[in-house]
Amino acid sequence: MPAYHSTFPVDPQNDRMIGNFVLLPLNSKFRGPAYPANSDYDIIDECLDLFRANSFFKNFEIKSPADRVLIYGILYINDCLAHLKAQTSHNEAVKVLTNLSLDNFQLPGTPGFPLNNVYSIPVQDRNQMDLLKQYIQQFRQELAMRLLDRIYADSKEQPSKFWLAFTRRRFMNKSL
(Lines give C-alpha, C1' and ligand atoms only; values in the text may rest on other atoms or scores of the structure.)
Protein backbone atom coordinates (compact mmCIF):
# COMPACT_ATOMS: atom_id res chain seq x y z
CA MET A 1 0.00 0.00 0.00
CA PRO A 2 1.52 3.35 -0.98
CA ALA A 3 1.90 6.30 1.35
CA TYR A 4 -0.38 9.32 1.03
CA HIS A 5 1.14 12.33 -0.71
CA SER A 6 0.36 16.03 -0.60
CA THR A 7 -2.40 17.25 -2.86
CA PHE A 8 -1.13 20.83 -3.02
CA PRO A 9 0.06 21.83 -6.49
CA VAL A 10 3.42 23.55 -6.61
CA ASP A 11 4.62 25.75 -9.46
CA PRO A 12 8.39 26.33 -9.07
CA GLN A 13 8.16 29.48 -11.23
CA ASN A 14 5.46 31.18 -9.10
CA ASP A 15 5.72 29.65 -5.63
CA ARG A 16 8.37 30.76 -3.17
CA MET A 17 11.03 28.07 -2.92
CA ILE A 18 14.13 27.83 -0.76
CA GLY A 19 16.20 25.07 -2.28
CA ASN A 20 13.60 22.36 -2.78
CA PHE A 21 11.45 23.39 0.23
CA VAL A 22 8.32 25.28 -0.83
CA LEU A 23 6.77 28.00 1.36
CA LEU A 24 3.10 27.08 1.06
CA PRO A 25 0.31 29.45 2.16
CA LEU A 26 -1.06 28.95 5.68
CA ASN A 27 -4.19 29.94 7.55
CA SER A 28 -2.33 31.14 10.62
CA LYS A 29 -2.96 33.26 13.68
CA PHE A 30 0.78 33.67 14.16
CA ARG A 31 3.02 36.26 12.56
CA GLY A 32 5.38 35.10 9.88
CA PRO A 33 6.27 35.17 6.20
CA ALA A 34 3.59 32.72 5.01
CA TYR A 35 0.97 34.08 2.66
CA PRO A 36 -2.66 33.50 3.69
CA ALA A 37 -4.21 30.43 2.10
CA ASN A 38 -6.99 30.81 -0.47
CA SER A 39 -9.16 28.10 1.11
CA ASP A 40 -9.95 26.78 4.57
CA TYR A 41 -7.84 23.67 3.92
CA ASP A 42 -4.08 24.21 4.01
CA ILE A 43 -0.92 22.11 4.36
CA ILE A 44 -1.27 22.00 8.15
CA ASP A 45 -4.71 20.41 7.88
CA GLU A 46 -3.27 17.96 5.39
CA CYS A 47 -0.42 17.06 7.77
CA LEU A 48 -2.90 16.41 10.56
CA ASP A 49 -5.22 14.38 8.30
CA LEU A 50 -2.44 12.21 6.87
CA PHE A 51 -0.33 11.81 10.02
CA ARG A 52 -1.87 8.62 11.38
CA ALA A 53 -1.95 6.84 8.02
CA ASN A 54 1.56 7.89 6.98
CA SER A 55 3.17 7.19 10.35
CA PHE A 56 3.12 3.47 9.51
CA PHE A 57 5.44 3.91 6.51
CA LYS A 58 9.19 3.45 6.69
CA ASN A 59 9.74 4.70 3.13
CA PHE A 60 8.24 7.73 1.45
CA GLU A 61 8.68 8.59 -2.21
CA ILE A 62 8.70 12.36 -2.78
CA LYS A 63 6.49 13.31 -5.72
CA SER A 64 6.39 17.10 -5.30
CA PRO A 65 8.03 19.84 -3.19
CA ALA A 66 4.84 19.94 -1.08
CA ASP A 67 5.70 16.41 0.08
CA ARG A 68 8.80 17.81 1.80
CA VAL A 69 6.61 20.17 3.83
CA LEU A 70 4.31 17.22 4.61
CA ILE A 71 7.30 15.16 5.81
CA TYR A 72 8.44 17.97 8.08
CA GLY A 73 4.91 18.38 9.46
CA ILE A 74 4.53 14.67 10.20
CA LEU A 75 7.90 14.55 11.95
CA TYR A 76 6.97 17.61 14.00
CA ILE A 77 3.61 16.10 15.02
CA ASN A 78 5.49 13.02 16.14
CA ASP A 79 7.80 15.24 18.21
CA CYS A 80 4.82 17.05 19.77
CA LEU A 81 3.15 13.78 20.74
CA ALA A 82 6.40 12.57 22.33
CA HIS A 83 6.29 15.57 24.69
CA LEU A 84 2.73 14.86 25.90
CA LYS A 85 1.67 12.33 28.52
CA ALA A 86 -1.70 10.72 29.21
CA GLN A 87 -2.13 12.90 32.33
CA THR A 88 -1.28 16.22 30.65
CA SER A 89 -4.12 18.72 30.86
CA HIS A 90 -4.93 21.06 28.00
CA ASN A 91 -3.38 24.09 29.71
CA GLU A 92 -0.14 22.22 30.43
CA ALA A 93 -0.07 20.90 26.87
CA VAL A 94 -0.42 24.43 25.47
CA LYS A 95 2.62 25.52 27.50
CA VAL A 96 4.67 22.47 26.53
CA LEU A 97 3.95 22.70 22.81
CA THR A 98 4.34 26.48 22.70
CA ASN A 99 7.79 26.13 24.22
CA LEU A 100 8.60 23.28 21.82
CA SER A 101 7.54 25.30 18.78
CA LEU A 102 9.64 28.30 19.85
CA ASP A 103 12.70 26.32 20.94
CA ASN A 104 15.83 26.37 18.85
CA PHE A 105 15.47 23.83 16.06
CA GLN A 106 17.54 22.48 13.21
CA LEU A 107 16.69 23.72 9.74
CA PRO A 108 16.54 21.35 6.80
CA GLY A 109 19.92 21.34 5.09
CA THR A 110 21.91 22.24 8.21
CA PRO A 111 24.17 19.80 10.08
CA GLY A 112 22.23 17.72 12.58
CA PHE A 113 18.93 17.68 10.68
CA PRO A 114 17.80 14.02 10.38
CA LEU A 115 16.71 14.06 6.71
CA ASN A 116 19.31 16.17 4.94
CA ASN A 117 19.34 13.70 2.05
CA VAL A 118 15.74 14.79 1.24
CA TYR A 119 16.27 18.57 1.45
CA SER A 120 18.66 20.70 -0.59
CA ILE A 121 18.78 24.09 1.11
CA PRO A 122 21.29 26.82 0.17
CA VAL A 123 23.06 27.25 3.52
CA GLN A 124 25.33 30.05 2.28
CA ASP A 125 22.45 32.52 1.62
CA ARG A 126 21.71 34.06 5.04
CA ASN A 127 18.50 35.88 3.94
CA GLN A 128 17.02 32.67 2.53
CA MET A 129 17.89 30.78 5.73
CA ASP A 130 16.28 33.49 7.90
CA LEU A 131 13.13 33.37 5.76
CA LEU A 132 13.03 29.58 6.05
CA LYS A 133 13.51 29.73 9.83
CA GLN A 134 10.67 32.25 10.20
CA TYR A 135 8.39 30.18 7.97
CA ILE A 136 9.11 26.94 9.83
CA GLN A 137 8.61 28.64 13.19
CA GLN A 138 5.22 29.98 12.05
CA PHE A 139 4.40 26.52 10.66
CA ARG A 140 5.37 24.81 13.95
CA GLN A 141 3.33 27.22 16.09
CA GLU A 142 0.19 26.85 14.00
CA LEU A 143 0.58 23.08 13.69
CA ALA A 144 1.00 22.68 17.46
CA MET A 145 -2.17 24.66 18.22
CA ARG A 146 -4.28 22.81 15.65
CA LEU A 147 -2.91 19.50 16.92
CA LEU A 148 -4.03 20.42 20.43
CA ASP A 149 -7.51 21.24 19.13
CA ARG A 150 -7.74 17.71 17.75
CA ILE A 151 -6.13 15.91 20.68
CA TYR A 152 -8.33 17.67 23.25
CA ALA A 153 -11.53 17.76 21.18
CA ASP A 154 -13.45 15.48 23.57
CA SER A 155 -12.06 16.57 26.91
CA LYS A 156 -9.85 19.42 28.12
CA GLU A 157 -8.63 17.25 31.00
CA GLN A 158 -7.14 14.31 29.09
CA PRO A 159 -5.65 13.93 25.63
CA SER A 160 -7.18 11.47 23.21
CA LYS A 161 -5.68 8.03 23.66
CA PHE A 162 -6.12 7.44 19.92
CA TRP A 163 -3.64 10.23 19.17
CA LEU A 164 -1.21 9.31 21.96
CA ALA A 165 -1.10 5.73 20.66
CA PHE A 166 1.09 7.03 17.84
CA THR A 167 3.77 8.30 20.25
CA ARG A 168 5.97 5.26 19.70
CA ARG A 169 5.59 5.24 15.91
CA ARG A 170 8.41 6.76 13.87
CA PHE A 171 7.68 7.99 10.39
CA MET A 172 10.54 6.87 8.14
CA ASN A 173 12.33 5.74 11.35
CA LYS A 174 13.30 9.38 11.97
CA SER A 175 12.49 12.03 14.55
CA LEU A 176 13.25 15.73 14.89
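- Residue Leu148 comes nearest to Ala93 through the heavy atom pair CD2-CB, 3.6 Å, listed as atom of the first residue, atom of the second, then distance.
- Put simply, the side chain of Leu100 reaches to within 4.5 Å of the side chain of Cys80, judged on heavy atoms.
- Remark: the backbone N or O of Ala66 is not paired with any side-chain donor or acceptor of His5 at under 3.5 angstrom.
- Of all heavy-atom pairs spanning Val94 and Thr98, the tightest one is O-OG1, 2.6 Å.
- Counting heavy atoms from C-beta outward, Tyr135 and Leu26 have side chains that approach closer than 4.5 Å.
- Within the 3.5 Å criterion, the main-chain N or O of Leu97 finds a donor-acceptor partner in the side chain of Ser101.
- Residues Leu147 and Ile77 form a side-chain contact, since some pair of their non-hydrogen atoms from C-beta on lies under 4.5 Å apart.
- The cationic atom of Arg52 (NZ for Lys, CZ for Arg) does not lie both less than 6.0 Å from the six-membered ring centre of Phe162 and within 45° of the ring axis.
- To the nearest 0.5 Å, the span separating NZ on Lys133 from CD on Gln128 amounts to 15.5 Å.
- Note on ring orientation: taking the six-membered ring where Trp is involved, the planes of Phe51 and Trp163 are parallel (angle under 30°, cut-offs 30° and 60°).
- Minimum interatomic distance between Gly73 and Cys47 (heavy atoms only, all atoms of both residues): CA-SG, 3.8 Å.
- More than 12 heavy atoms of other shown residues, nucleotides or ligands fall within 6.0 angstrom of atom CG in Asp11.
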Can you list the steps and then say if Leu164 with Lys85 is a side-chain contact (heavy atoms from CB on, under 4.5 Å)?
-> CA-CA 8 Å; Leu164 291 184; Lys85 296 177 178 45; over 6 Å; no
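- Between Ser6 and Ile43, some side-chain heavy-atom pair lies under the 4.5 Å cut-off.
- Other residues, nucleotides and ligands place no more than 12 heavy atoms under 6.0 Å from the NZ atom of Lys161.
- The closest side-chain heavy-atom distance from Phe105 to Gln137 is below 4.5 Å.
- Heavy-atom neighbours of Glu157 CD from other residues, nucleotides or ligands within 6.0 Å: at or below the threshold of 12.
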In sequence, state the C-alpha distance, the side-chain angles, and the governing distance for Leu143 and Leu48, and then conclude on side-chain contact (heavy atoms from CB on, under 4.5 Å).
-> CA-CA 8 Å; Leu143 183 55; Leu48 291 167; 3.9 Å; yes
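- Taking all atoms of both residues into account, the shortest heavy-atom contact from Ser175 to Pro114 is O-CG, 3.3 Å.
- Taking 4.5 Å as the limit, some side-chain heavy atom of Arg146 sits within range of a side-chain heavy atom of Asp42.
- With rounding to the nearest 0.5 angstrom, the CG atom of Leu75 is 5.0 Å from the CG atom of Leu176.
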Take Glu142 and Lys29, measure what side-chain contact (heavy atoms from CB on, under 4.5 Å) needs, and give me the verdict at the end.
-> CA-CA 7 Å; Glu142 187 64 31; Lys29 294 174 255 170; 4.2 Å; yes
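- The number of heavy atoms from other shown groups lying within 6.0 Å of OH (Tyr35) does not exceed 12.
- Here Leu115 contributes atom CG and Ile71 contributes atom CD1; the two are 6.5 Å apart, rounded to the nearest 0.5 Å.
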I would like to know whether Ile62 and Asn20 meet side-chain contact (heavy atoms from CB on, under 4.5 Å); could you show each step before the answer?
-> CA-CA 11 Å; Ile62 296 173; Asn20 60 5; over 6 Å; no
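- With Phe56 as the aromatic partner, Arg169 does not meet the cation-pi criteria of under 6.0 angstrom to the ring centre and within 45 degrees of the ring axis.
- Remark: Asp49 engages Arg150 in a salt bridge, criterion side-chain N to carboxylate O under 4.0 Å.
- Pairing each heavy atom of Ala86 with each of Pro159, the nearest pair is O-CD, 3.3 Å.
- Within 6.0 Å of CG on Asp40 lie no more than 12 heavy atoms contributed by other residues, nucleotides or ligands.
- Contact annotation: the side chain of Pro33 approaches that of Gln138 to within less than 4.5 Å [non-hydrogen atoms, C-beta and beyond].
- With 3.5 Å as the limit, one finds a donor-acceptor pair spanning the side chains of Asn78 and Arg170.
- Under the 4.5 Å side-chain heavy-atom criterion for grouping Ile, Leu, Val, Met, Phe, Trp and Tyr, Tyr41 is connected to Phe139 within one hydrophobic cluster.
- In this structure, Met17 and Leu23 have side chains that are not in contact, with every pair of non-hydrogen atoms separated by 4.5 Å or more.
- Ring geometry for Tyr72 versus Phe113: interplanar angle under 30°, hence parallel rather than tilted (30 to 60°).
- Heavy-atom contacts from other residues, nucleotides or ligands closer than 6.0 Å to CG of Asp103 number more than 12.
- One distance of note links CZ of Arg16 with CG of Leu131; it measures 5.5 Å at 0.5 Å rounding.
- Atom CG of Leu132 sits about 5.0 Å away from atom CG of Leu107, to the nearest 0.5 Å.
- Between the side chains of Glu46 and Thr7, at least one donor-acceptor pair of N or O atoms lies under 3.5 Å.
- Between Asp79 and Lys174 there is no salt bridge, since none of the side-chain N atoms of the basic residue sits less than 4.0 Å from a carboxylate O of the acidic one.
- For the ring-ring contact (aromatic ring centres under 6.0 Å, His included) with Phe171, the qualifying choice from Phe57, Phe60, Tyr4 is Phe60, the only one to do so.
- Shown here for Phe21 and Arg68, the closest heavy-atom pair between the two residues is CE1-O, 4.2 Å.
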